[in-house]
Amino acid sequence: MKGGFTLLNGKFYREVEPLFSMMDIPRLNDGVRESFRAGNNRIIFARDNFDFLVDSLSAMDLQLPEEWNFPRFVNDVSRLLNKNHLYLSAKVIIHFIPGESGTDYVMSAEEIPSGFYPVKDGGLLIEFYSDGAKGISSYNAYEPSGRAIWTMALRAAQLMSKHNLIILNNNGFACESIGGSFGYLDGKTVVFPSTESQGYFPPVMTAIKSCARQCGFDIIEKKEIDREDLLNADELFLADNCSGIKPVLGLYARRYYTTATMTIAAKLSDLAKNDHLAS
């Protein structure tokens, strides 16, 4: 049977075993929660993900867990996947939690469709999120900065029967999506939010930008991306660390092509396979 085990500070526990008490609830709401894709018992883009997690902890002023480093990270994920019989493709969730004597970490995994960032057929129907905006913080690029607004935006998306929403910063410019980022195509140029946009940047965005360049596109990063930029784009896609590139079919009343997006997505899949073979 697949699943059933969680890893806490390197030790396995059954999912039905209580790991925390009521007194732990405040600290469980803090820290860093991230997820990433694994294939054939290995982390895809392992070094990018590890470096991103280290940067996230640093931005939150959290120490690295004791004796936790890149080899330990890779080994923990492999042990977790083997223990849960998730040998093909899995979503791994890691949560770093502030503790009394350092930083604890919890890892779990769940099965997802197999493949190395498989290319998605069809497209998403999305909207702008207008009931709130992302505020300025010292860790805008990391998950904790978006956690609260993602929760609110997800409820709004469900009410609107939309797959996702584009979130705006406090200046009214597009900066991220729920749980991820985005890019859009204007002719032979792919535009991404810049680090100054206040948006979240999942680790996979580094690989996506590289794939876009390899496909012959110019890359631009913009601090201010307004609604008209997205509505006038030739193509639009969302991106997250577990799914990779997700083409958008429609935003508001706008409908998009997806040809170039699918080309970049195919390149990402190839890059992930090569990364796996080289690791």
Side-chain angles (χ1 to χ4, degrees), residues 2-38 41-86 90-111 134-152 176 179-180 195 198-204 206 240-242 279:
K2 295 182 179 180
F5 291 92
T6 298
L7 197 70
L8 171 60
N9 294 333
K11 183 178 179 180
F12 285 112
Y13 295 85
R14 292 189 179 276
E15 289 180 347
V16 294
E17 293 182 70
L19 300 182
F20 302 100
S21 68
M22 293 291 291
M23 299 295 293
D24 291 310
I25 290 178
R27 72 186 186 104
L28 291 174
N29 290 326
D30 293 329
V32 173
R33 287 197 296 264
E34 280 293 351
S35 60
F36 49 87
R37 190 179 188 95
N41 210 40
R42 296 179 186 175
I43 306 164
I44 298 178
F45 304 134
R47 178 56 71 172
D48 287 346
N49 279 286
F50 176 78
D51 291 344
F52 184 81
L53 292 171
V54 171
D55 290 345
S56 298
L57 289 168
S58 176
M60 293 289 293
D61 291 323
L62 289 176
Q63 297 178 346
L64 290 177
E66 186 177 359
E67 299 182 354
W68 190 80
N69 52 27
F70 182 68
R72 174 74 174 268
F73 171 56
V74 172
N75 188 51
D76 275 350
V77 172
S78 179
R79 292 172 58 225
L80 178 69
L81 298 178
N82 277 320
K83 189 73 170 178
N84 287 295
H85 304 288
L86 297 171
K91 174 181 179 179
V92 181
I93 303 98
I94 186 166
H95 187 183
F96 296 96
I97 308 164
E100 294 182 359
S101 59
T103 302
D104 299 322
Y105 68 100
V106 182
M107 296 176 66
S108 60
E110 59 189 51
E111 189 174 22
K134 186 173 181 181
I136 299 174
S137 75
S138 60
Y139 42 89
N140 271 322
Y142 305 107
E143 175 271 340
S145 69
R147 190 182 300 166
I149 198 165
W150 291 350
T151 299
M152 296 184 294
E176 64 191 26
T195 55
Q198 302 171 213
Y200 167 67
F201 294 95
V204 74
T206 299
D240 69 61
N241 211 35
C242 290
S279 63

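Values below: all heavy atoms of this structure, side chains included; hydrogens, waters and symmetry mates excluded.
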Inter- and intrachain pairs under salt bridge (Lys or Arg N to Asp or Glu O under 4.0 Å), touching residues 44-54, at least two apart: Arg47-Asp51

Value rounded to 0.5 Å, distance of OG in Ser58 from OH in Tyr142: 7.5 Å

Side chains of Tyr105 and Asp76 in contact at under 4.5 Å (non-hydrogen atoms): yes

Where Gly102 and Gln63 come nearest, the two heavy atoms and their spacing: CA-OE1, 4.4 Å

Enclosure of Glu110 CD (heavy-atom neighbours >12, cutoff 6.0 Å): yes

Heavy-atom closest pair, residues Ala90 and Leu81: CB-CD2, 3.7 Å

Separation between CZ of Phe201 and CZ of Phe52, rounded to the nearest 0.5 Å: 9.5 Å

side-chain hydrogen bond (donor to acceptor under 3.5 Å, both in side chains) involving Arg33 - partner list, sequence neighbours excluded: none

Minimal non-hydrogen separation, Asn140 against Gly135, with atom names: OD1-O, 3.2 Å

Which atom of Ser35 lies closest to which atom of Cys242, heavy atoms considered: OG-SG, 3.5 Å

Asn241 side chain to Arg37 backbone, donor-acceptor under 3.5 Å: no

For Tyr200 against Lys134, the heavy-atom pair lying closest together: N-NZ, 3.5 Å

Distance (rounded to the nearest 0.5 Å) between Leu7 CG and Leu80 CG: 6.0 Å

CG on Leu57 to CZ on Phe96, rounded to 0.5 Å: 5.0 Å

Test item: Arg72 and Asn69 side chains (from C-beta on) under 4.5 Å apart, heavy atoms: yes

Neighbour count above 12 (heavy atom, 6.0 Å) for Glu66 CD: no

Counterpart residues, side-chain hydrogen bond (donor to acceptor under 3.5 Å, both in side chains), relative to Asn82 (two or more places apart): none

Minimum side-chain heavy-atom gap Glu176-Ile149 below 4.5 Å: yes

Approximate separation, where rounding is to 0.5 Å, of Ile44 CD1 and Asn49 CG: 9.5 Å

Residues that Ser108 engages under side-chain contact (heavy atoms from CB on, under 4.5 Å), provided they are two or more places apart: Thr6, Ile93

Ile94 vs Val77 side-chain heavy atoms within contact, under 4.5 Å: no

Sub-4.5 Å side-chain heavy-atom contact between Arg14 and Phe5: yes

Counterpart residues, salt bridge (charged side-chain N to carboxylate O under 4.0 Å, His left out), relative to Glu143 (two or more places apart): Arg147

Within 6.0 Å of CD in Glu17, more than 12 heavy atoms from elsewhere: yes

Side-chain donor or acceptor of His95 paired with backbone N/O of Asp104 under 3.5 Å: no

Taking every non-hydrogen atom, the tightest pair across Pro144 and Gly31: CG-O, 3.5 Å

Any residue meeting ring-ring contact (aromatic ring centres under 6.0 Å, His included) with Phe50, in chain and number order, not counting sequence neighbours: Trp68, Phe70, Phe73

Nearest-0.5 Å distance that lies between atom CZ in Arg79 and atom CZ in Phe12: 4.5 Å

